[in-house]
2 protein chains.
Amino acid sequence: MAEADRGARPDMPTPPGRRPRKAAPARQPLTQELVVDTAIRVLDAEGLEAVTMRRVAQELGTGPASLYAHVSGKEELRELMLDRVAAEIRLPVPDPARWQEQLKELAREIRRVYTSHRDIAVVSMALIPTGPHLLDVAEAQLALMHAGGVPKRIAGLAVSTLGMFLDADAIEDTLHHAKTPAGAGDPWTYFQEYLNQIREYFAALPKDRYPTVSGMVDELTAEDGDGRFEFGLDMLVRGIASYAAEASRPAGDG
Amino acid sequence: MAEADRGARPDMPTPPGRRPRKAAPARQPLTQELVVDTAIRVLDAEGLEAVTMRRVAQELGTGPASLYAHVSGKEELRELMLDRVAAEIRLPVPDPARWQEQLKELAREIRRVYTSHRDIAVVSMALIPTGPHLLDVAEAQLALMHAGGVPKRIAGLAVSTLGMFLDADAIEDTLHHAKTPAGAGDPWTYFQEYLNQIREYFAALPKDRYPTVSGMVDELTAEDGDGRFEFGLDMLVRGIASYAAEASRPAGDG
DNA sequence: ACCTGAACACCGTTCAAGT
DNA sequence: ACCTGAACACCGTTCAAGT
């Protein structure tokens with residue numbers, strides 16, 4: 001961190017007769033790594049929508065055209081960002097005796113990392129993983145299911161379903177937080193107020209058209225992001241395990 | 001359809017001395033309904049990304065500013081589009097004896113309607129339903145679970161989880177189809193070729209880093225959108241039903 | 001090889017002015 | 001009340017020109 005500007009030394013005055021370049025020159029030579037780092041900084045500070053080619057370029061003290069030497073376009077930049085984020089996910093060493101709990105722990109870890117980078121999960125939705133770190137995560141999930149005796153076909157479907165669940169949940173979690181308008185004080189307070197408005201709206205609904213909804217206002221507005229996550233995760237893992245039980249029944253199962 | 005231009009008669013010549021307005025005048029008075037109809041036409045033809053305020057205005061023969069009298073902005077337009085689409089979903093009359101199968105049928109119906117309107121499901125993701133037709137769908141889901149004896153708290157979590165699953169699945173389904181570049185022939189052929197490239201890429205992965213993935217190339221690239229949907233749906237509904245069984249055990253259950 | 005200024009073809013939203 | 005032209009502050013990407 002402290003040595004980031006070595007070599008460029010922008011703190012040095014310009015020698016006489018050696019006219020300075022147009023503006024502050026790029027401190028470091030542009031690299032793909034630097035572009036992705038910068039993009040993630042913008043993501044963390046302001047969310048995925050703020051990560052534009054122009055904005056990232058500006059942050060690097062250059063123009064948008066310069067990025068295209070290191071990245072094929074916005075889509076690739078987003079995928080590189082996701083893979084970089086995926087590198088933060090800590091992966092388990094499979095222990096066949098606790099594969100279900102490990103699968104849940106891994107899911108919680110993915111959720112933690114995703115939601116710590118705003119709405120990065122939007123990029124993951126409907127993306128076939130090809131980046132090295134995203135593939136590490138898939139490998140870990142599949143290895144756990146393999147250790148648990150889940151048939152290959154089921155495991156293949158399950159990574160996909162689990163991925164959909166994780167992406168959707170992370171997006172849900174962060175978009176609620178992010179709905180706060182730019183200068184509207186504390187996001188949490190704002191969201192609570194928004195939830196209260198929803199509660200009022202639901203309570204005011206015509207009871208003849210929406211009898212069930214009307215009687216469930218509290219249950220439907222309980223927020224409860226964690227509860228929803230654990231509920232869905234538990235169903236998913238139990239479902240996956242049920243196939244493992246079927247497959248291993250002849251061999252005897254705990 | 002044939003009577004759309006009544007009243008405006010753009011086929012009449014302009015009477016002498018009655019200077020024509022700038023371009024073709026708006027044929028029909030602008031209404032929110034007309035704006036939403038037009039937006040959905042653009043959606044169906046070119047996908048959600050093509051639905052811009054400017055594009056919809058152009059389609060209506062006016063400028064983008066004109067839309068703001070009928071719609072507060074792009075976000076509201078998108079939500080109105082989704083609710084209009086949700087009106088197409090056929091809802092069941094609950095039959096307590098087959099509530100699980102009905103819940104599945106409803107999920108398939110939602111999937112059918114969503115995927116028939118390109119990537120409209122993107123709008124649904126992370127949106128609290130407030131439109132009348134979206135609420136009809138939620139009411140139907142909750143009524144089915146109520147008929148099945150699912151506890152309120154579980155039913156509340158389940159609509160949310162089921163919604164996440166349906167949205168994610170519909171997005172996955174349509175984004176694959178939509179990845180086809182503008183003038184690249186048949187989308188299905190294109191996607192098959194893309195899948196083959198993925199297969200090759202997976203097969204070429206280093207086996208020491210990705211031992212499990214390497215041994216599952218076929219299972220991971222089986223496409224199988226329907227299979228994945230039924231797999232996830234079955235797990236979800238079985239999971240929900242397991243809570244109903246717990247709750248109704250004292251009363252005796254079929 | 002890498003970088004860039006300028007341009008192209010777009011965005012959403014606002015606002016004063018018209019009818 | 002409804003509609004609009006013009007403007008504002010943005011987009012992603014391309015390309016010829018520079019170093």
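On the P atoms, D/dA9 is 23 Å away from C/dA9, given to the nearest whole Å. A distance of about 13 Å separates the C1' atoms of C/dA17 and D/dC2, rounded to the whole Å.
The separation between B/M53 atom CE and D/dG5 atom P is 16 Å, rounded to whole Å. When rounded to the nearest whole Å, the span between CG of A/L60 and P of C/dC3 equals 10 Å. For the pair B/K74 NZ and D/dC10 C1', the interatomic distance rounds to 13 Å; values are reported in whole Å. The NE2-C1' distance, from A/H70 to C/dC2, rounds to 7 Å in whole Å. D/dC10 atom P lies 15 Å from atom CD of A/E49, rounded to whole Å. The interatomic distance linking B/L30 (CG) with D/dT4 (P) rounds to 7 Å, in whole Å. Atom CG of B/L77 is separated from atom C1' of C/dC11 by 15 Å (rounded to the nearest Å). As a whole-Å value, the separation of A/E46 CD from D/dC10 P is 12 Å.
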Side chain to side chain contact (heavy atoms under 4.5 Å, CB included) assessment of B/I171 paired with B/Y114: CA-CA 9 Å; B/I171 293 173; B/Y114 276 9; over 6 Å; no
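Out of D/dT13, C/dT14, D/dT4, the shortest distance to the side chain of B/Y68 is found at C/dT14. Proximity note for A/T52 (side chain, C-beta onward) versus D/dC11, C/dC3, D/dC3: the nearest is D/dC11.
In this structure, D/dC10 forms no base pair with any nucleotide, since neither Watson-Crick nor G-U wobble geometry is met with both distances under 3.5 Å. Across the strands present, C/dT4 finds its partner in D/dA16; the criterion is a Watson-Crick or G-U wobble pair with both atom distances under 3.5 angstrom.
Taking only side-chain nitrogens and oxygens, A/T62 comes nearer than 4.0 Å to OP1 or OP2 of C/dT4.
For the side-chain contact (heavy atoms from CB on, under 4.5 Å) with B/V36, the lone residue among B/R84, B/E79, B/R41 that qualifies is B/R84.
What you find for B/G73 and B/M53 is that their closest heavy atoms are C-CE, 4.0 Å.
Using a 4.0 Å heavy-atom cutoff across all strands shown, A/S66 reaches at least one base atom of the nucleic acid.
Mapped onto DNA chain C by nearest heavy atom, A/L67 and A/R54 fall at different nucleotides, with A/L67 at the one closer to the 5' end.
With hydrogens and angles disregarded, a donor-acceptor distance shorter than 3.5 Å links the side chain of A/D83 to the backbone of A/L134.
Judged by the 6.0 Å and 45° rule, B/R108 forms no cation-pi pair with B/F229.
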